[in-house]
Amino acid sequence: MRGGCQLPIYLGIYEALSEGKLIVVTGPSGVGKGTLLKKLLERYADRFHFSISATTRSPRTGEEDGREYFFWSRAEFEQQRDAGGFLEWAEYAGNLYGTPIAPIHRAIAMGQIVLLEIELEGARQVATSFPNAQRIFIAPPSMQVLESRLRDRSTDSDEQIRKRLHHAALEVAAANEFDLTIVNDDLEIALQQLEKAMFHD
Ligand code: ADP
Ligand code: 5GP
C-alpha cells in the first residue's frame, strides 16, 4: 500500500528534478549562505521553495522550530531517516542534518524551484541522485575572513568554530566539484551572481 501510493510521487519528483528544478547551495559555515539566500527569498518568495532541514543541533538564540530548522532529537531524526524520510542527510560537527522529502514533493507539485542549503556530503549525495541539479559553491574571500565572520556572528562556541573551520578547509578544497563558485566578498555582488546563475544559467 505504502509503496503503491508513493511510486507515482517519486516518479514525479525525479522527472521534475531531472528538469533542473533543484538548486543546491553549499559552502563553509559562516561564509554567508544564509544571508544571501534570505535576501534572495525576500526578493523572489513566490518562485522558490526553500527547504527547511531537520537537525539534531540545539537552536541558536533567535532560531525557531519550523522556521530555520526542525529541531529534532537524535531518536526522532534516526526514525525519520530509517523510514526513508530524507532526500539526503549527513553528520556535521557532531550533529545530524537532513532534507525532509515530503515538503519537496509539495513544492514540485506547485512548480516551484527547490532550493537546498546543505553541506558537502549531502551535496555529493544529491549530485548522485539528481545529476541535473544545479550545484553552486559559496566561497569566502579567505580563511581569515571566514574565521572573523564565524567569530563575529557570536553563535558558536570556540569548539564549534574549530570544528567548522576544519570542515571549511575540506569544503573549499572540493569547490571544483560544483558547477559554479561564487566568492562572497561584497554581499551585493555575490547576490547578483547568485541571481544570474539561478535564473539564466
Ligand atoms: P552561513 O549561513 O553560511 O553559515 P551566515 O549567513 O550566517 O553564514 O553569515 C555569517 C556571518 O557573516 C553573519 O554575521 C553575516 O552577517 C556575515 N556576512 C555574510 N555575508 C557577508 C559579506 N558579504 N560581508 C560581510 N559579512 C557577511
Ligand atoms: P548550521 O549548524 O551552521 O546551521 O549548519 C551547519 C552545516 O549544515 C551548514 O554547512 C549547512 O549548510 C548544513 N546543513 C543544513 N541543513 C542541512 C541538510 O539538510 N543536509 C545537509 N547535508 N547539510 C545541511
Side-chain angles (χ1 to χ4, degrees), residues 22-42 49-72 77 80-81 85-104 114-130 133 135-157 159-172 174-175 178 181-194:
L22 179 66
I23 301 176
V24 176
V25 175
T26 300
S29 179
V31 74
K33 303 179 300 295
T35 306
L36 285 164
L37 294 179
K38 188 163 176 279
K39 285 195 173 289
L40 199 73
L41 289 167
E42 280 165 10
H49 168 79
F50 181 70
S51 165
I52 300 173
S53 299
T55 183
T56 62
R57 88 152 160 72
S58 305
R60 294 175 179 140
T61 307
E63 285 185 332
E64 277 181 28
D65 188 43
R67 192 178 65 189
E68 283 79 10
Y69 284 103
F70 297 106
F71 295 99
W72 291 349
F77 190 107
Q80 283 296 318
R81 180 195 62 193
F86 290 121
L87 186 67
E88 61 71 41
W89 69 275
E91 182 143 17
Y92 175 96
N95 285 299
L96 300 173
Y97 294 80
T99 302
I101 202 161
I104 308 249
V114 174
L115 200 51
L116 308 185
E117 190 244 284
I118 60 177
E119 54 67 68
L120 181 62
E121 289 308 320
R124 284 178 172 153
Q125 290 170 40
V126 175
T128 304
S129 341
F130 302 106
R135 285 164 303 134
I136 301 174
F137 191 83
I138 310 293
S142 69
M143 293 308 266
Q144 286 76 16
V145 170
L146 181 69
E147 183 165 356
S148 304
R149 286 188 190 164
L150 276 171
R151 294 200 182 283
D152 293 349
R153 189 170 69 180
S154 306
T155 51
D156 299 287
S157 64
E159 171 66 2
Q160 272 295 324
I161 290 177
R162 193 189 59 72
K163 286 184 179 170
R164 281 154 198 271
L165 289 171
H166 170 74
H167 275 277
L170 302 174
E171 289 170 323
V172 168
F178 289 75
T181 296
I182 293 173
V183 178
N184 182 22
D185 190 354
D186 180 282
L187 189 69
E188 194 51 40
I189 292 174
L191 198 56
Q192 282 169 15
Q193 291 173 342
L194 200 54

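Ligands are counted one by one from 1 in listed order, and the atoms in each one are counted from 1 as well.
- Residue-level proximity to ligand 1 for A190 is absent, since no heavy atom of it falls below 4.0 angstrom.
- Between Y69 and ligand 2, a contact under 3.5 Å exists for at least one N or O pair.
- Using a 4.0 Å cutoff on heavy atoms, H167 does not count as a contact of ligand 2.
- Ligand 1 is never approached by D152 to a heavy-atom distance shorter than 4.0 Å.
- Shown are R60, R57, R162; of these, the salt bridge (Lys or Arg N to Asp or Glu O under 4.0 Å) with D156 is made only by R60.
- The closest approach between any non-hydrogen atom of Q125 and ligand 2 is not below 4.0 Å.
- Comparing E188, R149, E68, E117 against atom 17 (C) of ligand 1, the shortest heavy-atom distance belongs to R149.
- Listed by number with element, the atoms of ligand 2 under 4.0 Å from a non-hydrogen atom of A90 are 22 (N).
- Of the protein's non-hydrogen atoms, R153 NH1, 2.8 Å is the one closest to atom 7 (O) of ligand 1.
- Within the 4.0 Å heavy-atom shell around ligand 2 one finds K33.
- Around atom 8 (O) of ligand 2, the closest heavy atom drawn from Y97, W89, F86 belongs to Y97.
- Annotation: R164 places an N or O atom under 3.5 Å from an N or O atom of ligand 2; distance criterion only.
- Looking only at protein heavy atoms, the nearest one to atom 20 (N) of ligand 1 is N184 ND2, 3.0 Å.
- By the 4.5 Å heavy-atom criterion applied to side chains, H167 and Y92 are counted as neighbours.
- Looking at G98 next to ligand 2, an N or O pair under 3.5 Å apart turns up.
- Taking CZ of R124 as the reference point, atom CD of E88 lies at 13.0 Å (rounded to 0.5 Å).
- Taking every non-hydrogen atom of R57 and a distance limit under 4.0 Å, the qualifying atoms of ligand 2 come out as 1 (P), 2 (O), 4 (O).
- The shortest N or O to N or O distance between S53 and ligand 2 is under 3.5 Å.
- Rounded to the nearest 0.5 angstrom, L150 CG and S29 OG are separated by 5.0 Å.
- Taking only non-hydrogen atoms, the option from P141, P140, P28, G30 nearest to atom 1 (P) of ligand 1 is G30.
- When only non-hydrogen protein atoms are considered, atom 8 (O) of ligand 1 lies nearest to G32 N, 3.1 Å.
- Contact of the L194 side chain with the K39 side chain is not registered, since no non-hydrogen atoms from C-beta on lie closer than 4.5 Å.
- Atom OG1 of T155 and atom CD of Q160 lie 9.0 Å apart (nearest 0.5 Å).
- Under the 4.5 Å side-chain criterion, counting only non-hydrogen atoms from C-beta, L87 is in contact with L116.
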Could you please spell out the steps behind the side chain to side chain contact (heavy atoms under 4.5 Å, CB included) verdict for I118 and Y97?
CA-CA 8 Å; I118 60 177; Y97 294 80; over 6 Å; no
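- From I23, atom CD1 reaches atom CD of E117 across 13.5 Å, with rounding to the nearest 0.5 Å.
- The N/O atoms of T35, backbone and side chain alike, include one that comes under 3.5 Å of an N/O atom in ligand 1.
- For ligand 2, the atoms closer than 4.0 angstrom to any heavy atom of S29 are 3 (O).
- Under a 4.0 Å criterion applied to the non-hydrogen atoms of L187, ligand 1 contributes the atoms 20 (N), 23 (N).
- Proximity of P140 to V172: side-chain heavy atoms (C-beta onward) are separated by under 4.5 Å at one or more points.
- For ligand 1, the atoms closer than 4.0 angstrom to any heavy atom of S29 are 4 (O).
- Between F137 and F178, the angle of the ring planes lies from 30° to 60°, which puts this pair in the tilted group.
- Scanning the protein heavy atoms around atom 10 (O) of ligand 2, the nearest turns out to be E119 CB, 3.6 Å.
- When non-hydrogen atoms are compared, ligand 2 lies under 4.0 Å from the side chain of R60 (C-beta onward) but not from its backbone.
- Interatomic distance, E91 CD to E119 CD, rounded to the nearest 0.5 Å: 10.0 Å.
- At least one side-chain heavy atom of P100 sits under 4.5 Å from a side-chain heavy atom of F86.
- Using a 4.0 Å cut-off between a side-chain N of Lys or Arg and a carboxylate O of Asp or Glu, R67 and E63 do not qualify as a salt bridge.
- At least one side-chain heavy atom of E42 sits less than 4.5 Å from a side-chain heavy atom of K38.
- Close contacts between ligand 1 and G34 involve ligand atoms 1 (P), 2 (O), 6 (O) [criterion: under 4.0 Å to a heavy atom].
- Of all the atoms in ligand 1, the ones that sit under 4.0 Å from a non-hydrogen atom of D185 are 22 (C), 23 (N), 24 (N).
- Side-chain contact between D65 and F70 is present, with heavy atoms from C-beta onward closer than 4.5 Å.
- In terms of protein heavy-atom proximity, atom 20 (N) of ligand 2 is nearest to E88 OE2, 2.7 Å.
- Under a 4.0 Å criterion applied to the non-hydrogen atoms of G122, ligand 2 contributes the atoms 22 (N).
- Remark: minimum distance from atom 11 (C) of ligand 2 to any protein heavy atom is reached at E117 OE2, 3.3 Å.
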